[in-house]
Structures are given as C-alpha cells and as structure tokens.
Amino acid sequence: MIPENLRYMESHEWVRQEDDIATIGITDYAQSEIQDIVFVELPDVGTELTHKTELGVIESVKAAFDLYSPVSGEVIEVNETLLDAPEQVNESPYEDGWFLKIRMTDPSELDSLFDADSYQAYIEAEHV
Amino acid sequence: MMKRTQLYEIHKSLNAKFTEFGGWEMPLQYSSIVKEHLAVRATAGLFDLSHMGEIDVCGQGANELVQKLCTNDVSRLTDGQVLYTLLCNETGGIVDDILVYRHADSDYTLVVNAANIEKDLAWIKKQNDTGTEITDDSNNTTLIALQGPQSIDILNPFVPEFDVSEISFFRFVVGKVAGIPTAISRTGYTGEIGFELYVHANNSEELWNSLFPAVMEAEGLPVGLGARDTLRLEAGLRLYGMDMDENATPFEAGLSRFVKLDKGDFIGKDVLFAQKEKGDLKRKLVGFQMLDRAVARCGYEVYQKGNRIGKVTSGAPSPSLKCNIGFASISKNTKKTIEIDIRGKLHPAKIVKVPFI
C-alpha cells in the first residue's frame, strides 16, 4: 500500500527524491481522509520553500487543509493538470496526483522524515 | 461524551465517518459527500436526523402560546399541516428556526435544531403563563428523512393504506410505514421531493432497515451531514448558528416572508415592526458565487472597494453546479462584485439569486 521508495511527513505529504529534485504529493491515506478534493492551491514556479513550512492548500467539499513542504528549495515545476482535474489527487495520489517539484538546497532534510515502515506505524497509531 | 442516535451501530456498520454536531456524534459521510449529494439530486438519499429535537405543546392555552412564540401565523394551520417559522426574542433576534406540526386544535409538535433543544425548552417554558403542557419528546423520537426524486416510488410500497404522493408539500399524515406507526411528513432540507419520517425511537432500526434496501435498489445512498449541508446550501436554506442567530432579526437573515406582522401580538413584534417601518437593517444575507476557483468558508471577511462590509456565513463547493457558492451577511445593499479574503488574498465573487439551483 505505502510505497517503499518515498519519504513521508506527519502531515501526510510524500516526497520522491531523484538526485536533487524532490517530487511532492499527499498519501493515499490522506486523500481518503480528505475525500472529494475540488481545488489545490500551489505556489508559482520560482517560489522558494522552506522545510516544514506552508506550501499550499487543498480544498475538499467539507474543508480546507494546509500542505507543508518536506524540504527546502525552489519550485521548478507545478502539476498544472490539477487546476482542471483536482480529483486526480483522489484517484492517483502517488502518480498523476503529484503537486510540484522542488530543487532541493539541502537533501539531508529528507533524513528527518518517516520512511515507509515508520509512516505505516504512524497512521496506524493515528487511526486508533 | 457525545450523544449517539439509536442508529449509531448501523452507521458504523456502513463505514460512516462521524462528526460532532450539536453535541451529537453523527455520520458526516458514508461514501463521499459529492456522491451522496448527487444521489439525492438524481434518485434518493436516506438520512438519520434523530439529533433534531421534538417539543410537544398541547392542552389549555397551546394555541395562544405557540402563536405568541412564532413570527409566522400558526392560526392559519389546519390539522395535519406544517409551518416553517422563527422563534424571536424581545429584541427581534432569532432564538431558533423551527417547524410547527399541528396535530389538532391545541396540539402541536415543534421540531427544533439539535443544538437548541435545551435553550428552546427553557424559552418556551418561560413564556408559558397559561399552564400549557410542554414535553421534550426528543429522546423518544427518531427522525429518518428520505429525500430525492425517487422518494415517492421508494416509500409507496411500504405504505399500503394510501398513496404518499397525495400528501402535499408541508403536510403530514400519521400512518404506518412497513407496519410501524409513523408521522409521514412531506418536508425536507434538500430542495428535493421527500419525506421526513418520525417514529418512536424503539422502532428506528426497524424503519431504517426496511427502507435501506429499497433506497439502494433505486441507486440511492445513505447520506451524512456533509451532503446535508451542501444540499441545503444549494437550495438556499439557512442553517441556524451560521446564517442566523440571536444577533440577527429575520429581516437581516432574509426571512421576511416568515414574519407576519399583521397576525396579532408575538414576541419581538414591536422591534420587527419598527425595523420594517424604518427599513434600517444593519445587514443583509445575500447569496454569492465565486468568480474563480477559491472556496469561501464560514467566517471569511467580505470586502468591496477596500472596505470591509461583512462576513461569509456559509460557503462550500456546490456539487451540482460545480462552482463555489455561499451566503454572506453584509452591511451594504449592493449587487456589484464583492471580494472575499481567503488566506490573505482577495478573491472576486458575484451576488446571485437564492436558491442557487
């Protein structure tokens, strides 16, 4: 269920590392809790983000949810298809529903995040 | 400890996600708010609304007491008729919005909002100077709503005694549904054809379990409070505690057609009469539609040309219209574009007619 090769935040964002590029999205667990995503507000390309600070907002029918950046760096690409098809986050959270790519300034920040096993344990504890 | 309805275990077995509402642990959604919403618009939905309160007012002086409490004209009701009305305090502020059921002369049930049961009961008792019998029947009563265009076809097979389509809007009949004594009320909070079914709490599971397979067969769904909120919003129906409260008069909440100033005396009349004469509304409830994709929620501030003019009282994406809508309480009479502060940025919205659908 939870992809082995990603890192995870307590606020349920995932991050995929390819060299100094980090791709970010939210987990399947998060999308199933949020449900009915109707709008994703993301920063513009070129924005500088900081580790564990606000990155954007997801709106579901019911409420707004803040997104946090797992790493520091510059936004180099945003998933524009989410503007017209935010439901992709519900349908494909780890693939088509990705949010943005960041060129990391400090990839060692990834070490402070959960791996798949510890994230699994974390959501099991949260769900009880 | 939150209160649970008789149907709690059934909701749990249907994998409901729960939410707190008015002190109750209620189903927020079973599948998805959007799917449940669209099911009610297309076919049917089944709702547990047992958290609502039922207060019986009967016997000596009941006609006068109810008429004194309500802004709408209860004396126009005939037996088996339902009336939407407001209860106001002496300063015209809205204590609650309720339904009045007239069973017979001097025999009424007031259906009140869950969060207001205690408050309303105290208020009604305080106004009771004629020795009228006032009983809180909320714990003995279960309310199950069946709403949507297929409601009549779903319900009819369970009611062999008569054709439920003969019950007019805002009328009710006491009969049997699946053999269970039920007050069958042609009312609802969705903007669709539908029924609200009042049964004794002991029979609630039996009634739900009778209707549920028929609802599913018709491609309907069980519906939680999430979709109840978006359905009522699209239908332009206000929610007490958000779109109105004791700080607003019925006129300020856009509910003037439920105030009958010519009906004789009632609580709050003097203030409401003066407000109408002078036309000095402090604010006005308007419907709006966002002009971009941002979602305005309750509490967000409303601006026009740099001036703060009010607040959003309800706001959500509309699953049927596929745009974002809401109510705002604003201090200015305007039809021009407004702007709503969403996380520090102003987003444009236009004032639109209510109901939205």
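Chain letters run A, B, ... following the sequence lines, proteins first and then strands; every chain starts at 1. Quick note: numbers below take in every heavy atom, side chains included, and nothing from hydrogens, waters or symmetry partners. Computed from a predicted model, the values in this text were never measured in an experiment.
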Below 4.5 Å, heavy atoms only, C-beta onward: do [X] and [Y] meet side chain to side chain?
{"X": "A/Lys62", "Y": "B/Gln29", "answer": "no"}
{"X": "A/Gln35", "Y": "B/Ser31", "answer": "no"}
{"X": "A/Glu59", "Y": "B/Arg293", "answer": "no"}

| message | Please give me the minimum heavy-atom distance between B/Pro317 and A/Ser60, naming the atom from each residue. | response |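 That would be CG-O, 3.9 Å.
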
Counting only heavy atoms from other residues, nucleotides and ligands, does the tally under 6.0 Å from [atom1] of [X] exceed 12?
{"X": "B/Glu246", "atom1": "CD", "result": "yes"}
{"X": "A/Asp111", "atom1": "CG", "result": "yes"}
{"X": "B/Glu217", "atom1": "CD", "result": "no"}
{"X": "B/Lys17", "atom1": "NZ", "result": "yes"}

Original post:
From A/Asp36 CG over to B/His37 NE2, what is the distance, rounded to the nearest 0.5 angstrom?
Top reply: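 Here the interatomic distance stands at 11.0 Å.
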
Please flag which part of B/Ser32 lies under 4.5 Å from any non-hydrogen atom of chain A: side chain, backbone, both or neither.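 Both parts, backbone and side chain.
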
